Amino acid sequence: MKHFSKLNNEELDLLFEAILSLETKEDCYKFFEDLCTINEMASISQRMQVALMLRERKTYIDIAKATGASTATISRVNRCLNYGSEGYKLVFDKLYGNNK
């Protein structure tokens, strides 16, 4: 079943299939080290941390101090949490259940 999104295309399907084939964190480190720049990985991991802290109801000021994220980034992640495709929710529910 295809998720209808403005992002759907065969190239992304290949990327997502590749990610789904990874079985360990070590596999992920190897793949993403080859795939992404250090800055890209830092940005992605920062957004995950911001999303987690927003889910924990931390303030923008606390999040900015802890992560170094700009208020624009925090706002963007917050918008995705509230009005996005529920991707963050899906991942956090799988990682932590509904506890956070």
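Throughout, numbering of the chain's residues begins at 1 and tracks the sequence. Predicted, not measured: the structure shown is a model, and the values here were computed from it.
Separation of atoms CD1 (Ile63) and CZ (Arg57) is listed at 11.5 Å; rounding is to 0.5 Å. Between atom CG of residue Leu54 and atom CZ of residue Arg47 there is a gap of 13.5 Å, rounded to the nearest 0.5 Å. In this structure, Tyr60 OH and Ser70 OG are separated by 10.5 Å, a value rounded to the nearest 0.5 Å. Atom CE in Met41 sits 9.5 Å away from atom CD in Glu33 (nearest 0.5 Å). Rounded to the nearest 0.5 Å, atoms CG (Asn82) and OH (Tyr88) are 12.0 Å apart.
Within a 6.0 Å sphere centred on CD1 of Ile61, other residues, nucleotides and ligands contribute 12 heavy atoms or fewer. Around atom CG of Leu90, more than 12 heavy atoms belonging to other residues, nucleotides or ligands sit under 6.0 Å away. A 6.0 Å sphere centred on CD of Glu86 holds no more than 12 heavy atoms belonging to other residues, nucleotides or ligands.
The cluster map of Ile, Leu, Val, Met, Phe, Trp and Tyr, joined by side-chain heavy atoms under 4.5 Å apart, puts Leu20 and Leu12 in different clusters.
The two atoms that bring Asp93 and Lys89 nearest to each other are OD2-NZ, 2.6 Å, heavy atoms only. Closest approach of Val50 and Ala69 over heavy atoms only: CG2-CB, 3.7 Å. The two atoms that bring Phe92 and Met48 nearest to each other are CZ-O, 3.7 Å, heavy atoms only. Between Ala66 and Met53, the shortest heavy-atom distance links the atoms CB-CE, 3.7 Å. Between Ser45 and Ala42, the shortest heavy-atom contact is OG-O, 3.1 Å. In terms of heavy-atom proximity, Ala51 sits nearest to Leu81 at O-CD1, 3.8 Å.
Checked by atom type and distance alone, the side chain of Ser75 never pairs as donor or acceptor with a backbone atom of Thr71 at under 3.5 Å. Asp62 places no side-chain N or O within 3.5 Å of a backbone atom of Lys58 that could act as its donor or acceptor partner.
A 4.5 Å side-chain heavy-atom check between Leu52 and Glu56 finds at least one atom pair inside the cut-off. For the pair Tyr29/Thr24, no side-chain contact is recorded, criterion being any heavy-atom separation below 4.5 Å from C-beta on. Put simply, the side chain of Leu15 reaches to within 4.5 Å of the side chain of Leu35, judged on heavy atoms.
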Can you list the steps and then say if Leu22 with Phe32 is a side-chain contact (heavy atoms from CB on, under 4.5 Å)?
-> CA-CA 11 Å; Leu22 302 172; Phe32 282 96; 4.2 Å; yes
